[in-house]
2 protein chains.
Amino acid sequence: MTHNDAPGSKIPMVVIKRLPVYQRYLSELQKKEVERISSGELAAKIGITASQLRHDLSCFGNFGQQGYGYKVDDLLFEVNKILGLDHNIYMVLIGAGNLGRAVLSYPNFLSRGFIFKAAFDQKQPPVNLNIEGILVQPVRELESYLKEQLIDIGVITTPAANAQEIADILVAGGVRGIWNFAPISLKTPENVVVEHVHISESLLVLSYQLCHKGFGRLPVSY
Amino acid sequence: MTHNDAPGSKIPMVVIKRLPVYQRYLSELQKKEVERISSGELAAKIGITASQLRHDLSCFGNFGQQGYGYKVDDLLFEVNKILGLDHNIYMVLIGAGNLGRAVLSYPNFLSRGFIFKAAFDQKQPPVNLNIEGILVQPVRELESYLKEQLIDIGVITTPAANAQEIADILVAGGVRGIWNFAPISLKTPENVVVEHVHISESLLVLSYQLCHKGFGRLPVSY
DNA sequence: CTAACTTTGTTAAAAAAATAACAATCTTTA
DNA sequence: TAAAGATTGTTATTTTTTTAACAAAGTTAG
Ligand SMILES: NC(=O)c1ccc[n+]([C@@H]2O[C@H](COP(=O)([O-])OP(=O)(O)OC[C@H]3O[C@@H](n4cnc5c(N)ncnc54)[C@H](O)[C@@H]3O)[C@@H](O)[C@H]2O)c1
Ligand SMILES: NC(=O)c1ccc[n+]([C@@H]2O[C@H](COP(=O)([O-])OP(=O)(O)OC[C@H]3O[C@@H](n4cnc5c(N)ncnc54)[C@H](O)[C@@H]3O)[C@@H](O)[C@H]2O)c1
């Protein structure tokens with residue numbers, strides 16, 4: 001598949017999931033003021049094949065030069081554009097608990113154009129708290145807030161038991177994406193994208209690997 | 001491949017990553033006191049094919065009964081055992097910042113047998129702080145601590161710039177696995193498993209999807 | 001300017017993963 | 001107890017993903 005393909009062509013999810021990794025390595029190279037890099041060098045750093053890297057990029061366009069490789073600045077610019085990092089994205093967070101506060105105060109989101117416009121909670125302690133300049137409001141005001149403000153992404157960091165009701169309010173309020181940290185599969189209409197952060201799942205995968213290691217039994221293939 | 005295969009047979013990583021999802025749905029069923037479930041019903045809930053579910057499970061054994069399905073209790077017991085949830089795992093956390101404190105105080109890890117034995121930080125404010133019964137110690141004591149205590153997993157929630165040096169100390173101290181929240185690819189010997197939690201990567205994937213939605217151009221295939 | 005290299009983008013082949021198919025066999029009902 | 005129905009575990013097929021191969025095109029050095 002090439003970037004010239006007819007409308008309706010699909011980019012595989014496996015490819016999209018690798019883009020943030022490319023973005024990260026390219027950012028590092030740019031910070032080190034490396035000017036150019038070949039698919040072979042970059043792939044080696046990342047730990048994949050050059051073939052896969054070139055194949056992935058070719059889904060989106062021709063960013064390299066034969067005999068030369070890729071200009072780091074140019075390729076990073078293109079990858080950023082593909083990922084939507086070339087414009088701001090506005091977010092609200094619901095559930096200003098331990099994890100929610102960590103997410104709210106993480107500076108790297110803002111620096112990449114992900115802007116928290118507001119935060120909401122149910123209980124009094126988080127409500128009225130000021131976290132990195134964002135005042136936590138009572139959650140009953142979420143619905144009316146979304147009527148007034150254009151919000152792209154709702155971030156759910158409430159307990160799993162409350163996540164679906166919050167998702168419903170977010171969807172009704174017109175958000176286009178939900179970033180969900182609660183360990184539950186949310187039901188949303190097709191036009192709302194849900195991205196689930198699998199923190200606990202990840203620990204179980206690690207646990208599995210520790211359990212089945214060194215015996216020569218049931219090892220893992222990557 | 002069957003569970004009877006000769007030693008050296010490999011379980012694909014894609015299969016292992018689905019096990020925690022099965023675990024979660026089975027736990028929910030158990031909580032609802034559902035006694036039995038067929039591969040068809042469970043797969044429908046999860047949103048995969050019955051074929052895939054049965055195929056995955058058959059990597060580990062024969063847990064069902066023809067004409068009946070699976071006993072929820074029994075299957076959950078087996079999945080828990082496969083994931084290593086049938087015994088305690090001892091952990092230390094390094095970097096008791098915003099995210100580190102959220103992880104330390106999350107009760108669902110302890111309830112599943114993941115036990116934080118200690119936490120470490122560099123700066124004074126987190127050090128001496130008591131988080132859910134765990135006293136944060138100066139990070140310079142990490143090395144000697146690991147000599148005295150048997151720790152399975154080291155959890156890294158320091159900034160990326162310090163993650164590799166911490167990983168080196170953990171490896172030297174004999175941990176078998178590293179759960180890494182820092183956005184950097186750690187270099188470790190083969191016998192130490194690293195599991196990376198992709199929080200920021202996940203947000204970029206969501207951003208991509210919002211960007212390429214509804215135009216009929218570059219849609220996503222799952 | 002030319003020739004020897006290098007490296008891309010793309011097509012082809014191989015490998016892995018998902019899905020379908022179905023015999024074997026257990027459950028349920030009568 | 002027997003016959004009908006349900007569901008598994010496994011093998012076969014299809015689809016997806018990864019890797020390899022290579023012509024085309026640009027770079028670099030002399
Ligand atoms: N902390 C972790 O390490 C961790 C790990 C994996 C998953 N998670 C998940 O992330 C989510 C948040 O975890 P946490 O540790 O921050 O929990 P937490 O209890 O510290 O925070 C949850 C917050 O949500 C608020 N809340 C509850 N119901 C609400 C509602 N209806 N509307 C608005 N706010 C509401 C609570 O008042 C609280 O402030 C949970 O779903 C948890 O399962 C957390
Ligand atoms: N907070 C988030 O939402 C988020 C999202 C994605 C990734 N991350 C990553 O998770 C990690 C932690 O993030 P955070 O928000 O908690 O940052 P933070 O700054 O709040 O916490 C980092 C902690 O690590 C400590 N530290 C620094 N160097 C250390 C060392 N050598 N030894 C021991 N402790 C040390 C600091 O004193 C601090 O307490 C970072 O790598 C960050 O990039 C965080």
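A note on names: the letters A, B, ... follow the listed sequences, proteins ahead of strands, and every chain is numbered from 1.
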Rounded off to whole Å, could you give me the CZ-to-C1' distance for the A:R18 and D:dT18 pair?
-> 8 Å
Side-chain N or O of A:N62 closer than 4.0 Å to phosphate OP1/OP2 of D:dA25 = no
Given atom CG of B:L75 and atom P of D:dT7, what is their separation to the nearest angstrom?
-> 15 Å
Go through D:dT18, D:dT17, C:dC26 for me and flag the one nearest to the A:Q52 side chain.
-> D:dT18
Grab the OH-P distance between A:Y70 and D:dT27 for me, whole Å please.
-> 14 Å
5'-most contact on DNA chain D (nearest-nucleotide basis), A:G67 vs A:V15, goes to A:V15
Please state whether the phosphate of D:dT7, meaning OP1 or OP2, lies under 4.0 angstrom from any side-chain nitrogen or oxygen of B:S39.
-> no
Examine C:dT6: is either OP1 or OP2 under 4.0 Å from a nitrogen or oxygen in the side chain of A:R36? Give yes or no.
-> no
When the nearest nucleotide of DNA chain D is assigned to A:T49 and to B:S38 on a heavy-atom basis, which residue is associated with the more 5' position?
-> B:S38
Rounded distance (Å) that lies between atom P of C:dA17 and atom CZ of B:R54 | 20 Å
B:D152 and A:L210 have their tightest heavy-atom pair at O-CD1, 4.2 Å
Among B:R18, B:R24, B:K17, find the residue that satisfies the salt bridge (Lys or Arg N to Asp or Glu O under 4.0 Å) test when tested with A:E201.
-> B:R24
Within the modelled atom types, does a donor on one side and an acceptor on the other bring the side chain of A:Q66 and the base of C:dT8 under 3.5 Å apart?
-> yes
May I have the distance from B:L57 (atom CG) to D:dT7 (atom P), rounded to whole angstrom?
-> 16 Å
To the nearest Å, how far apart are B:D56 CG and C:dA16 C1'?
-> 13 Å
Would you say the base of C:dA20 and the side-chain of B:S51 have a donor-acceptor pair closer than 3.5 Å?
-> yes
Rounded interatomic separation in angstrom, taking NE2 from B:H55 and C1' from C:dA16 | 11 Å
Are the aromatic ring centres of A:F109 and A:W179 under 6.0 angstrom apart?
-> yes
Sidechain N-carboxylate O distance under 4.0 Å for B:K81, B:E78 = yes
Using whole Å, report how far CD1 of B:I11 lies from P of C:dA17.
-> 11 Å
Are the side chain of A:N180 and the backbone of A:H196 linked by a donor-acceptor contact shorter than 3.5 Å?
-> no
Within the pair B:Q65 and C:dT27, is there a side-chain N or O less than 4.0 Å away from OP1 or OP2?
-> yes
